[in-house]
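Numbering starts at 1 and runs along the sequence shown.
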Amino acid sequence: MLVWHKLSIEVLRQQRIDRIYDTYIDEDQLRVCDMTIAEIAKNLEKRPYSSREFIAEMAAYLERRGNYGQSVVQAAYQHQVPIFVPAFSDCSAGFGLVHHQWNSPESHLTIDSVRDFRELTQCKLASNYTGLVMIGGGVPKNFAQDTVVAAEMLGFDTSMHKYTIQVTVADERDGALSGSTLKEAHSWGKVDKATEQMVFSEATVAFPLIAGYAYHKGNWRDRQPHHLAQLFTKLQPKVVTA
């Protein structure tokens, strides 16, 4: 367990270092992120965007600048994998959008969370079956699970998520979403109870083991990529070269 003295916290504040448990973040680098988001937003058409759509614009921004570093956003864009962030404003990037709207009060873009939900439901409907691997919980957990209910509400006969894994340190005693069991989700018709597993562990311990097992087992070699981002764009999948 980490024990932090008040003086240590004040030193971090004075040095413009932010802390998330035992991870340190340079506040000045976060401001670079904020202002880059504001720049991207300034140069886009002023209308509602899904988070998936705006994140794709972030990747396109990197592509135009020839940035081929270690970027999850850029790699997903190249492989036509959509990324959804249902609470997009609740992060450093959100400050950039606040800056954008403050400085363009009459004409600015917005993030449409309802469109997010609809687009993710489209991904569910475009797939023969779906499964979930969830790290943590909160809004993204329910966001992904609820696509089954949304599809049914729209009149589609769709299946529950075929398998579900959640890695979390939360438990169900306080009734919060992060610790709610997958059996509870089955009562809503969201996930199939035949193949579900709650993993009560710190994510940086459990997830590398799960990912390593899945990678070395090699079943992915015989699978065709889905390129689900093509549901929303006419762009062809990009070829990634070494």
Side-chain angles (χ1 to χ4, degrees), residues 1-2 20-23 51-52 55 72-73 75-76 79-88 90-91 113 116-154 156-229 231:
M1 177 180 294
L2 297 176
I20 302 175
Y21 190 54
D22 59 352
T23 300
S51 67
R52 187 274 317 161
I55 291 168
V72 172
V73 166
H79 291 281
Q80 291 287 288
V81 176
I83 297 177
F84 294 88
V85 179
F88 190 90
D90 186 22
C91 67
S113 63
D116 262 350
F117 193 14
R118 173 173 57 79
E119 288 187 355
L120 191 61
T121 301
Q122 286 178 254
C123 291
K124 167 64 180 171
L125 292 170
S127 306
N128 292 330
Y129 67 86
T130 53
L132 301 177
V133 178
M134 299 176 287
I135 312 301
V139 175
K141 175 182 178 180
N142 212 42
F143 194 67
Q145 289 184 141
D146 270 350
T147 55
V148 178
V149 180
E152 291 177 346
M153 186 273 295
L154 294 174
F156 294 94
D157 183 14
T158 188
S159 61
M160 292 182 285
H161 294 300
K162 184 177 180 180
Y163 64 86
T164 317
I165 301 169
Q166 183 185 3
V167 180
T168 183
V169 292
D171 61 43
E172 63 180 313
R173 288 176 295 178
D174 63 357
L177 177 61
S178 293
S180 65
T181 67
L182 299 174
K183 288 183 173 61
E184 178 183 318
H186 177 72
S187 73
W188 290 72
K190 300 175 182 179
V191 304
D192 194 323
K193 66 178 180 180
T195 310
E196 52 85 12
Q197 183 63 58
M198 298 286 293
V199 181
F200 293 100
S201 172
E202 203 280 320
T204 61
V205 175
F207 186 64
L209 296 175
I210 296 170
Y213 170 78
Y215 178 80
H216 290 292
K217 190 173 182 181
N219 289 348
W220 53 271
R221 293 187 179 91
D222 297 324
R223 297 182 60 189
Q224 294 298 315
H226 291 289
H227 301 309
L228 285 174
L231 291 171

Reported NE2-to-CG distance for the pair His79 and Leu228, which is rounded to 0.5 angstrom: 14.0 Å
All side-chain contact (heavy atoms from CB on, under 4.5 Å) counterparts of Ser201, not counting sequence neighbours: Val199, Val205, Ala206
Shortest non-hydrogen pair, Ile55 vs Phe88, comes out as CG1-CE1, 3.8 Å
Hey, is CG on Asp171 packed in by over 12 heavy atoms from elsewhere, all under 6.0 Å? yes
Do Glu119 and Phe117 come close enough that some side-chain heavy atom pair is under 4.5 Å? no
So CZ of Phe84 and CG of Leu120: to nearest 0.5 Å the spacing works out to 5.0 Å
Identify the heavy atoms of Ile83 and Val73 that sit nearest to each other, and give their distance. CD1-CA, 4.1 Å
From Leu231 CG over to Gln122 CD, what is the distance, rounded to the nearest 0.5 angstrom? 6.5 Å
For Lys217 and Tyr215, what are the C-alpha separation, side-chain angles and deciding distance, and is it a side-chain contact (heavy atoms from CB on, under 4.5 Å)? CA-CA 6 Å; Lys217 190 173 182 181; Tyr215 178 80; over 6 Å; no
Hits for side chain to side chain donor-acceptor pair (under 3.5 Å) against Lys183, two or more places apart or cross-chain, chain-then-number order -> Glu196
Closest non-hydrogen atom pair, Pro208 against Ala203: CD-O, 3.5 Å
Would you mind writing out the side-chain donor-acceptor pairs for residues 123-152 within the sub-3.5 Å range, not counting sequence neighbours?
residue : atom : partner : partner atom : Å
Lys124  : NZ   : Thr130  : OG1          : 2.7
Lys124  : NZ   : Ser159  : O            : 2.8
Ser127  : OG   : Cys123  : O            : 2.9
Thr130  : OG1  : His161  : ND1          : 2.7
Lys141  : NZ   : Gln166  : OE1          : 2.9
Lys141  : NZ   : Leu177  : O            : 3.0
Lys141  : NZ   : Ser180  : O            : 2.7
Lys141  : NZ   : Ser180  : OG           : 3.1
Asn142  : OD1  : Lys190  : NZ           : 3.0
Asn142  : ND2  : Asp146  : OD2          : 3.2
Asp146  : OD1  : Lys190  : NZ           : 2.9
Thr147  : OG1  : Ala144  : O            : 2.9
Thr147  : OG1  : His161  : NE2          : 3.4

How long is the span from the CZ atom in Arg118 to the OG atom in Ser113, to the nearest 0.5 Å? 12.0 Å
Can you check whether Tyr163's main-chain N or O pairs, donor with acceptor, with Thr195's side chain at less than 3.5 Å? no
Between atom CD1 of Ile165 and atom CE of Met198, what is the distance when rounded to the nearest 0.5 Å? 12.0 Å
